[in-house]
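The shown structure was predicted, so the numbers you read here are calculated from the model rather than taken from an experiment. Throughout, protein chains are lettered first and strands after them, A, B, ... in sequence-line order, and every chain is numbered starting at 1.
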2 protein chains.
Amino acid sequence: MISSIAELISDRIGTMPAGERRAAQTLIANYPLIGLKTVAEFSTASGVSSPTILRFVARLGFQHYPEFQSALQDELAAQLQSPASRTLNPPSPNGGAVSPLLEATLDNLRETFKHLSDKQLADIAARLADRRGKTFLIGGRFTDPLACYMAAHLAIVQPNVFHLTGQESVWRDRLIDMGKRDVLVIFDIRRYQDSLVRFAETAHQRGVQIVLFTDQWLSPIARFARHVIAGRTAVPSAWDSSAALFVVAETLIGAVTRQLEADSAKRIRELESLR
Amino acid sequence: MISSIAELISDRIGTMPAGERRAAQTLIANYPLIGLKTVAEFSTASGVSSPTILRFVARLGFQHYPEFQSALQDELAAQLQSPASRTLNPPSPNGGAVSPLLEATLDNLRETFKHLSDKQLADIAARLADRRGKTFLIGGRFTDPLACYMAAHLAIVQPNVFHLTGQESVWRDRLIDMGKRDVLVIFDIRRYQDSLVRFAETAHQRGVQIVLFTDQWLSPIARFARHVIAGRTAVPSAWDSSAALFVVAETLIGAVTRQLEADSAKRIRELESLR
DNA sequence: CAAAATACGTAACATACGATACAGCGCTCG
DNA sequence: CGAGCGCTGTATCGTATGTTACGTATTTTG
């Protein structure tokens, strides 16, 4: 049963030629407002010609463009009349195969943040924003991209941010640059990597402050860490999910940026002018 | 301060003549959809003539009727973009500073998946699981870690997965290895990178199938993409959030793994023994 | 109560919008 | 490699839509 136009589109998008598919994609991306504008606006937004738009709506089964618009409006009207139906629809209305994973991820996010106090996040953010020391980031096999993501953002708002990458021997040698005022952010989830544990231990001995992102079973690095963020990772999939850790990372990035606002604004302007 | 047109109306409805007041009342009653229809429909619904409708919108301060409609659409767009404000949910029950970002992220996830059909995901997963061709992944400044994350997983369950990294000239030269049977996964959100667009264009010309992860405003690469995944990125932070795209990526990773289950299990055992 | 001013609708007009015919192009298949 | 098909954009056309002028009705004021 197809109830909404959005479903109708995603149902037939596979059978569409390239141009109409582009129209479909822009409509889905800006659903449904682009469809309420004129054919000309819709077409330029999609980067196709107006006849293609008309062929697109014809393929959806509408006789005229206005008829298509009316359908969209009716749908919108139904949505606006009962806002409750929108909020309370998590019981997977589409019942598809992806929903379980989405539901699990949403739960993971909520659970993760429930066990995470504002104060803890504020403390970590303050530590990361402290510009007297350097910040190093590193991750494991699957989590190093998270370290990379975080480093990319932090490096913009403050100096002395380093993502440790490449060969183990290379980043291990960087230990020599680390001291008491420095922060080491480590991402490590199962199966925990020995190399990272050893690295963390040595860093700890040198007085480096360690911020650990790990799963709920806690990497052995937690022994040495000053701050531990335990994210839920269980999802109905062959792999663990790092989504919760990802969102915590984004939260911290936001907090650090806000904290450095005054300085970072100036810094960002400087960076812009360097382009 | 008057922010919405509805407020503007209730502000001035007292100074309006009878006919225009009827127009105002029917608009409020069916807000805002009546205003998006034609003047004729609006007028018959209100029981007045079309010039009265036009005088009504003129009194609200709009030069033309289309201008009035655009304003309504913009308002609707703002509402639909941030479901948090629309739903009457208690503004962060625990009142923490992190909650807004978490709430926004949860909304983004839900919205993103709402516009994503199971079929579309299944199509993409099938394409990625097709082992007759190679799979290349690349991302922009902030999204390359996502490409990296996805590549790390996909490379385990199947051969011929390559994360394009390093210098632009290096990965651009890899175009020579790409053909019709290959898939190129690109992550690109604002501000879209020219280099990626050019890369996508040439790849497209060579017949490479492009799977694009982008934001709701669609990277120009959408022109060349076979499949487009539009994720919500808006959060109350200085940065855009890639969390929605991250979860979609995890979903696809899971789907591909399930699809290749039989083969990948053997492959994973082999990998284990190589350690 | 009368006269003027305001409000409203009918009807004619112009514009801009959707629809269509046609030609060029790329792609597929023999 | 060539012929055929299908997709796409340009240019044109008809029409629905917003707009305006004007006359009538209604209310307001002296």
Begin from the C-alpha positions of B:Y192 and B:W217 and carry the test ring pair (Phe, Tyr, Trp, His ring centres under 6.0 Å) through to its verdict. CA-CA 10 Å; B:Y192 314 114; B:W217 299 282; 8.5 Å; no
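Near DNA chain C, meaning a heavy atom under 4.0 Å away, there are no residues from residues 14-24 of chain A. For the segment residues 35-51 of chain B, the set of residues with a heavy atom within less than 4.0 Å of an atom of DNA chain D comprises B:T38, B:V39, B:A40, B:P51, in numerical order.
Between its opening and closing five pairs, the helix from C:dC1-D:dG30 to C:dG30-D:dC1 changes axis direction by 30°, a value rounded to 10 degrees.
Across the interface with DNA chain C, nearest-nucleotide mapping of A:Q69 and B:R59 shows B:R59 to be the residue nearer the 5′ end.
A donor atom on one side chain and an acceptor atom on the other are found under 3.5 Å apart for B:T26 and B:S46. When only modelled atom types and interatomic distance are considered, B:T52 and B:S49 share a side-chain donor-acceptor pair under 3.5 Å. A donor-acceptor contact closer than 3.5 angstrom is absent between the side chains of B:D215 and B:T233. Side-chain polar atoms of A:E250 and B:S241 form a donor-acceptor pair below 3.5 angstrom.
Put simply, chain B comes within 4.0 Å of DNA chain D, heavy atom to any atom, from D:dT17 to D:dT20, going 5' to 3'.
Cation-pi geometry between B:R174 and B:F162 is met: the NZ or CZ atom falls under 6.0 Å from the ring centre, inside 45° of the normal.
The CD atom of A:E67 sits 21 Å away from the P atom of C:dC17 (whole-angstrom rounding). Atoms CZ (A:R55) and P (C:dA21) sit 12 Å apart, rounded to a whole Å.
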Do nucleotides 24-30 of chain C as a string where each nucleotide becomes B, S or -: B if the base has a protein heavy atom under 4.0 Å, S if just the sugar-phosphate does, - if no protein is that close. -------
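Residues passing the salt bridge (Lys or Arg N to Asp or Glu O under 4.0 Å) test with B:R190 are B:D240, sequence neighbours excluded. With sequence neighbours excluded, the residues that form a salt bridge (Lys or Arg N to Asp or Glu O under 4.0 Å) with B:D123 are B:K119. B:E41 pairs by the salt bridge (Lys or Arg N to Asp or Glu O under 4.0 Å) definition with nothing, not counting sequence neighbours. Every ring pair (Phe, Tyr, Trp, His ring centres under 6.0 Å) that A:Y149 has, sequence neighbours left out, goes to A:H153, A:F246. Residues passing the salt bridge (Lys or Arg N to Asp or Glu O under 4.0 Å) test with A:R59, sequence neighbours excluded: A:E20.
Residue pairs satisfying the ring-ring contact (aromatic ring centres under 6.0 Å, His included) criterion with at least one member in residues 22-50 of chain B, sequence neighbours excluded, are absent.
Look at A:H64 and you'll find a side-chain N or O under 4.0 angstrom from OP1 or OP2 of C:dA19.
A 4.5 Å side-chain heavy-atom check between A:W239 and B:T257 finds at least one atom pair inside the cut-off.
A distance of 6.0 Å or more separates the ring centres of B:W171 and B:F136.
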Output a table of donor-acceptor pairs, distance under 3.5 Å, between side-chain atoms of residues 65-72 of chain A and any protein atom two or more places apart or on a different chain; print 'none' if there are none.
| residue | atom | partner | partner atom | Å |
| --- | --- | --- | --- | --- |
| A:Y65 | OH | A:G35 | O | 3.4 |
| A:Y65 | OH | A:K37 | O | 3.0 |
| A:E67 | OE1 | A:Q63 | N | 3.3 |
| A:Q69 | NE2 | A:G35 | O | 3.2 |
| A:Q69 | NE2 | A:L36 | O | 3.1 |
| A:Q69 | NE2 | A:K37 | O | 2.8 |
| A:S70 | OG | A:P66 | O | 3.0 |

